[in-house]
Q: 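For reference, the structure I am asking about is given below.
Letters A, B, ... are given to chains in the order of the sequence lines, protein chains preceding strands, and every chain is numbered from 1.
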There are 2 protein chains.
Amino acid sequence: MGVIDKVAPARTGRSKAAAGDVRAELPLDQIVMGDCIAAMKALPAKSVDMIFADPPYNLQLGGELFRPDGSHVDAVTDDWDKFDSLKHYDAFTRAWLAEAHRILKDDGTIWVIGSYHNIFRVGVAVQDLGYWILNDIVWRKANPMPNFRGTRFTNAHETLIWASKGEKAKYTFNYRSMKTLNDEIQMRSDWEFPICGGQERLKKGGHKVHPTQKPEALLYRVLLACTKPGDVVLDPFFGTGTTGAVAKRLGRHWIGIEREPGYCAAAIERIEAALPLDESALATMQSPRSQPKVAFGVLVENMYLVPGAVLTDAKRRWTATVRADGSLSSPCGASGSIHKLGATLQGAPACNGWSFWHYEAEGALKPIDALRQTYLLATQP
Amino acid sequence: MGVIDKVAPARTGRSKAAAGDVRAELPLDQIVMGDCIAAMKALPAKSVDMIFADPPYNLQLGGELFRPDGSHVDAVTDDWDKFDSLKHYDAFTRAWLAEAHRILKDDGTIWVIGSYHNIFRVGVAVQDLGYWILNDIVWRKANPMPNFRGTRFTNAHETLIWASKGEKAKYTFNYRSMKTLNDEIQMRSDWEFPICGGQERLKKGGHKVHPTQKPEALLYRVLLACTKPGDVVLDPFFGTGTTGAVAKRLGRHWIGIEREPGYCAAAIERIEAALPLDESALATMQSPRSQPKVAFGVLVENMYLVPGAVLTDAKRRWTATVRADGSLSSPCGASGSIHKLGATLQGAPACNGWSFWHYEAEGALKPIDALRQTYLLATQP
DNA sequence: GCCGCTGATGAATCTAACA
DNA sequence: CTGTTAGATTCATCAGCGG
């Protein structure tokens, strides 16, 4: 881990790099010190699994302006008006978002956080560049700064945009982990966290090191939701390295880009002190989608259910008989797979046979999915 | 009150209309039936105090969607929500927002509601047209529709933009009213309301009249915050007249623009039936501060418990290890949420994990509920 | 009348693997 | 490329009904 000035330029002459090759070119677990867009240009295409970005949005607040390359503009001498500054902020936003699109793997996703000052411009750029928005997420601040002058509503939230590379693109979403994290209820699009303070807030000489340090809890949820252990996360506006610290804790690789040497130094010190969780703690609830599939017929072959056994739905409205090949037949003459027959009998477009069909055990009805779980426990190492 | 087809064209030849003159040209407490932009063009400049707009969201839905129980989701498939492209949507948005800017008094404000499908495009148009954003407001839905396929976060909120006519423009904000409405705490930028249902939801022949009817409580807060009695509120996408009904109850004048005759008829009937709120009804609209819920995962995210920590029941019969997503894993191989694993290990149908699981502190066992209480004390005002 | 159970429903960009 | 099949997936609220 460390700070580097420049990424080794990508070798040329390759018709198509293998995935391993691309990864070898990445400055894993390092900070690239320098201009955000220039540093991004040096990274290989389709190489990172997620990008988390907390771009500057102090434009118009302190009268600060940025050129498309992110460099600072002296507003007094340049005499720009508000519309010039919006235009240039848009150009800057599109430039780094376009590089991000190139660097992302096809099944990667991007997260961008902002406030009403900039998030609308970011959102339009995201859509115009072909990304496909999956959710907008609201970070509700448990303890926001009040509006001291009583002129507006307390500005008590920030907005995050989560997007895939395109409408049809695949992406990682650890649905079960999110549901578990939220006491077995689907995770919603509004998240409550305290603002970053206390021990977590980096300070030097009694002053905060970075004006907009994000809470680690926020990054924890983002990374847990949309990456897998070992994935690579890029943060092009690294600041004091919240993304890196959480990534290290969660067993993910990180790459930071940051212009200010002072922030880089604080980030390095902080990430070195972060302790990775051990492997058993990193295990998370798996979606049935990622578990090995068990065909219903396998349960019949292994005598978990005998051909001729009678199944019923939970309310005993229908019955069906198990046949030797793992299909079901109904007294009405219909037959098919557990899913198809369930759908046919209900007149529904689809049906999950595993939860629809039940068998009788000890006087109670149990879904046949319980048999599948028993089978999995008995056969999986 | 009634429906009219056309606004009388504004008289010309006046160098400058007095405020009273302009108001005389307004179709107060009436619905203008027709195209939104054409109808707006017929309204005089600088004549209304507030505009509330609920434009089409341009949802771009794919195929049919079914719930896990097989029932069909009645989605928004109306023609009025379909646009050829984002470019067309942007042109439409800029056209009506530009007219709105002309119609607004210099000290008036505009509110626009949307979702992530359209709100970023609306926000950019608002900024580009010279409006000055004062807040973005999040409507947190108490009872949103779940994500039935488990592919994203539950889309549980919508966003409103509140803007004045320009950076230096004056505007009305009833700070005291908002603070009173919120138990003497500054009103925040995130508001919780249930979606519109029950008796309030307009129905005809058992079916909803409008697919996206907004809750009156939402409009109530908007109008109470930013208008004074007697002010004029324009709603260019009137639908079934929620804005009109609430304006009438609060003693504000309203103007609606709506293209569909069916919606106009329903709105007229509804607004005629609207009565000023009595005190008890008012009380129900002031949402009491709800008891905050804390998920176990939140304690993990915020490091009240570290992944890898070992929990036990009060009699130390079972142990479990905390994992990164807030699930627990038992040495026997079972895993799940704090509630589920507690139930599994005891062979019970259910279990309150908060009182069942304990952690060791200062040599004694304490229920993890103690950590939850600590967290609540630290984060609640 | 109250309690509990059942069914319906809401602005939704809602699958993945294989033949 | 298309078509088919397996199989994964829901929370809060309200109306209606029966005990």
Q: Using atom C1' in both nucleotides, what's the gap between D:dT10 and C:dG7 to the nearest angstrom?
A: 14 Å

Q: Does B:K214 get its side chain close enough to the base of C:dA11, under 3.5 Å, for a donor-acceptor pair?
A: yes

Q: Go nucleotide by nucleotide along DNA chain C from the 5' end; which of B:N143 and B:P146 gets its closest nucleotide reached first?
A: B:N143

Q: Look at the side-chain N and O atoms of A:K170 and state whether any lies under 4.0 Å from the OP1 or OP2 oxygen of C:dA17.
A: yes

Q: When you measure from the side chain of B:R201, which nucleotide among D:dG7, C:dA11, D:dT13 comes out closest?
A: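 Nearest to the side chain of B:R201 among the choices is C:dA11.
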
Q: Report yes if a donor N or O on one partner sits less than 3.5 Å from an acceptor N or O on the other, where the partners are the side chain of A:R372 and the base of D:dG7; otherwise report no.
A: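 It does not, because no donor-acceptor pair links the side chain of A:R372 to the base of D:dG7 below 3.5 Å.
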
Q: Would you say A:Y171 places a side-chain N or O within less than 4.0 Å of OP1 or OP2 belonging to C:dT15?
A: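 For A:Y171, the contact criterion (side-chain N or O under 4.0 Å from OP1 or OP2 of C:dT15) is not met.
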
Q: Would you say the rings of B:F83 and B:F92 are close, in the sense that their centroids are separated by under 6.0 Å?
A: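 Here the rings of B:F83 and B:F92 have centres that are less than 6.0 Å from each other.
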
Q: Output the rounded distance in Å from NE2 (B:H72) to P (C:dC14).
A: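 One finds 13 Å between P of C:dC14 and NE2 of B:H72, rounded.
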
Q: If we take the P atom in both D:dG7 and C:dT13, what is their distance in whole Å?
A: 27 Å

Q: A:W354 CH2 to D:dT9 P: how many Å, rounded?
A: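 Those two atoms, CH2 and P, are 14 Å apart.
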
Q: Between D:dG7, D:dA15, C:dA11, which one does the side chain of B:Q199 approach most closely?
A: D:dA15

Q: Indicate the atoms forming the closest heavy-atom contact of B:A245 with B:I271, along with that distance.
A: N-CG1, 3.8 Å

Q: Is the distance from OP1 or OP2 of D:dG7 to the nearest side-chain N or O of A:H339 less than 4.0 Å?
A: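 Indeed, a polar side-chain atom of A:H339 lies that close.
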
Q: With stacking defined as ring centroids separated by under 5.5 Å and planes differing by under 30°, is B:F148 stacked against C:dC14?
A: no

Q: Starting the side chain at C-beta, find the nucleotide from C:dT9, C:dA12, C:dA11 nearest to B:H117.
A: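 The listed nucleotide nearest to B:H117's side chain is C:dA12.
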
Q: Taking atom C1' of D:dG7 as reference, at what distance in whole Å does atom CD of A:Q291 sit?
A: 13 Å

Q: Applying a 3.5 angstrom cut-off to the pairing atoms, does DNA chain C sit in any stems of at least three consecutive Watson-Crick or G-U pairs? List them by first number.
A: C:2-10 with D:11-19, C:15-19 with D:2-6

Q: Does A:L371 reach the side chain of A:Y359, with side-chain heavy atoms less than 4.5 Å apart?
A: yes

Q: Please report the distance separating the C1' of C:dG1 from the corresponding atom of D:dC17, rounded so that it comes out in whole Å.
A: 14 Å

Q: Rounding to the closest angstrom, what is the interatomic distance between C:dC14 and D:dA12 at atom P?
A: 23 Å

Q: Can a side chain N or O of A:K315 be found less than 4.0 Å away from OP1 or OP2 on C:dG7?
A: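 Yes.
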
Q: Can you tell me how far P in C:dA11 sits from the matching atom in D:dA15, rounded to whole Å?
A: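 About 16 Å, rounded to a whole number of Å.
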
Q: Do B:H117 and B:S115 pair up side chain to side chain, a donor and an acceptor below 3.5 Å, judged on atom types alone?
A: yes

Q: Looking only at atom types and distance, does a side-chain atom of A:W191 sit under 3.5 Å from a main-chain N or O of A:I137, one as donor and one as acceptor?
A: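 Pair absent, no side-chain N/O of A:W191 close to backbone of A:I137.
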
Q: C:dA12, D:dA12, C:dA11: which one has an atom nearest the side-chain heavy atoms of B:E158?
A: C:dA11

Q: Need one value for B:P55: base, sugar-phosphate or nothing, where a base atom within 4.0 Å counts as base even if backbone is also close, heavy atoms only.
A: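 Result for B:P55 = base.
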
Q: Indicate whether OP1 or OP2 belonging to C:dT15 is found under 4.0 Å from a side-chain N or O atom of B:R152.
A: no

